[in-house]
Amino acid sequence: MLRLLASERLLLSQRARILPRFYHEKVIDHFNNPRNVGSFDKNDPAVGTGLVGAPACGDVMKLQIKVDDTTGEIIDARFKTFGCGSAIASSSVATEWVKGKQMEEVMTIKNTEIAKHLSLPPVKLHCSMLAEDAIKAAVKDYQTKRAKSSGVSETEPVEQAAKA
């Protein structure tokens with residue numbers, strides 16, 4: 001019985017050493033040490049929230065941005081993701097990349113850039129697509145909130161985002 005338990009432990013420890021080889025070291029780093037995990041108050045007018053999901057794989061990503069109303073600069077970002085290592089890493093990278101940038105600038109971040117940065121294999125590209133969609137959804141949410149508070153029509157921010 002002890003021999004059986006010892007051999008099972010050995011198999012598990014060997015499996016744990018092998019699994020990281022399937023992911024690039026940047027994915028492993030962002031998975032083991034995710035940056036900017038958490039959330040802001042979604043009712044804060046300076047916060048935009050993007051909630052996106054991929055029904056095919058079950059990944060769900062919430063990305064939030066906090067914007068300086070006077071400068072339009074994203075001063076902070078947070079995420080919560082339920083998904084695989086690639087989805088968590090894509091969220092983590094996205095929050096790092098949006099901080100300190102203008103809203104128009106973050107709208108140009110493409111999933112291909114995130115995928116290339118993390119060296120994602122083709123089968124995991126949907127994770128970087130979720131991150132791009134979450135960024136755009138957070139910006140749209142912030143712009144919609146801002147439009148409501150200033151009395152501008154709701155379609156104007158969407159049209160501006162589409163032009164970017």
Side-chain angles (χ1 to χ4, degrees), residues 7-42 46-68 71-144 157-158 160-164:
S7 65
E8 283 181 21
R9 269 198 183 147
L10 180 63
L11 282 174
L12 287 174
S13 66
Q14 286 174 340
R15 187 176 296 166
R17 283 191 303 241
I18 294 169
L19 283 178
R21 292 182 190 166
F22 293 122
Y23 289 105
H24 189 272
E25 62 189 40
K26 288 181 183 178
V27 174
I28 295 169
D29 178 42
H30 279 275
F31 177 75
N32 288 331
N33 307 296
R35 283 67 152 182
N36 309 305
V37 174
S39 60
F40 300 122
D41 177 8
K42 68 178 180 179
V47 172
T49 302
L51 183 63
V52 295
C57 65
D59 292 347
V60 178
M61 189 177 292
K62 179 176 87 170
L63 188 140
Q64 293 180 299
I65 55 172
K66 186 175 274 191
V67 183
D68 182 333
T71 64
E73 178 183 314
I74 297 172
I75 54 175
D76 205 355
R78 296 278 183 260
F79 82 92
K80 285 188 176 181
T81 295
F82 177 79
C84 65
S86 296
I88 292 167
S90 294
S91 304
S92 178
V93 166
T95 58
E96 285 192 316
W97 286 7
V98 300
K99 287 196 310 186
K101 294 193 173 130
Q102 294 293 318
M103 304 271 275
E104 300 80 26
E105 192 177 352
V106 301
M107 293 297 283
T108 65
I109 294 173
K110 300 292 177 211
N111 70 294
T112 52
E113 296 167 332
I114 296 170
K116 184 176 180 182
H117 178 75
L118 292 171
S119 300
L120 295 179
V123 72
K124 292 294 184 177
L125 289 180
H126 67 279
C127 298
S128 61
M129 288 179 205
L130 278 178
E132 179 186 346
D133 292 344
I135 292 168
K136 290 180 177 174
V139 169
K140 181 180 174 184
D141 181 59
Y142 170 77
Q143 290 175 332
T144 301
V158 175
Q160 290 172 354
K163 291 177 186 174

Separation of [Y] [atom2] from [X] [atom1] (nearest 0.5 Å):
X: K116; Y: K26; atom1: NZ; atom2: NZ; answer: 10.0 Å
X: D133; Y: M129; atom1: CG; atom2: CE; answer: 9.0 Å
X: K62; Y: K80; atom1: NZ; atom2: NZ; answer: 5.0 Å
X: K101; Y: M107; atom1: NZ; atom2: CE; answer: 14.0 Å

Donor-acceptor contact below 3.5 Å, side chain S90 vs main chain S86: yes
Candidates T49, I65, L51 - the one meeting side-chain contact (heavy atoms from CB on, under 4.5 Å) with D141: T49
Do [X] and [Y] have side-chain heavy atoms sitting under 4.5 Å apart?
X: L63; Y: T95; value: yes
X: M103; Y: I74; value: yes
X: D59; Y: F82; value: no
X: I114; Y: W97; value: yes

Crowding at CZ, F31 (>12 non-hydrogen neighbours, <6.0 Å): no
Could you report the tightest heavy-atom contact between [X] and [Y], atom names first, then the distance?
X: M61; Y: S91; result: CE-OG, 3.1 Å
X: P34; Y: F79; result: CB-CZ, 3.9 Å
X: H30; Y: I88; result: O-CG2, 4.2 Å
X: C127; Y: C84; result: SG-SG, 3.6 Å

K99: which residues meet the side chain to side chain contact (heavy atoms under 4.5 Å, CB included) condition with it, sequence neighbours left out? N36, D76, A77
Salt bridge (Lys or Arg N to Asp or Glu O under 4.0 Å) partners of E96, counting only residues at least two apart: R35
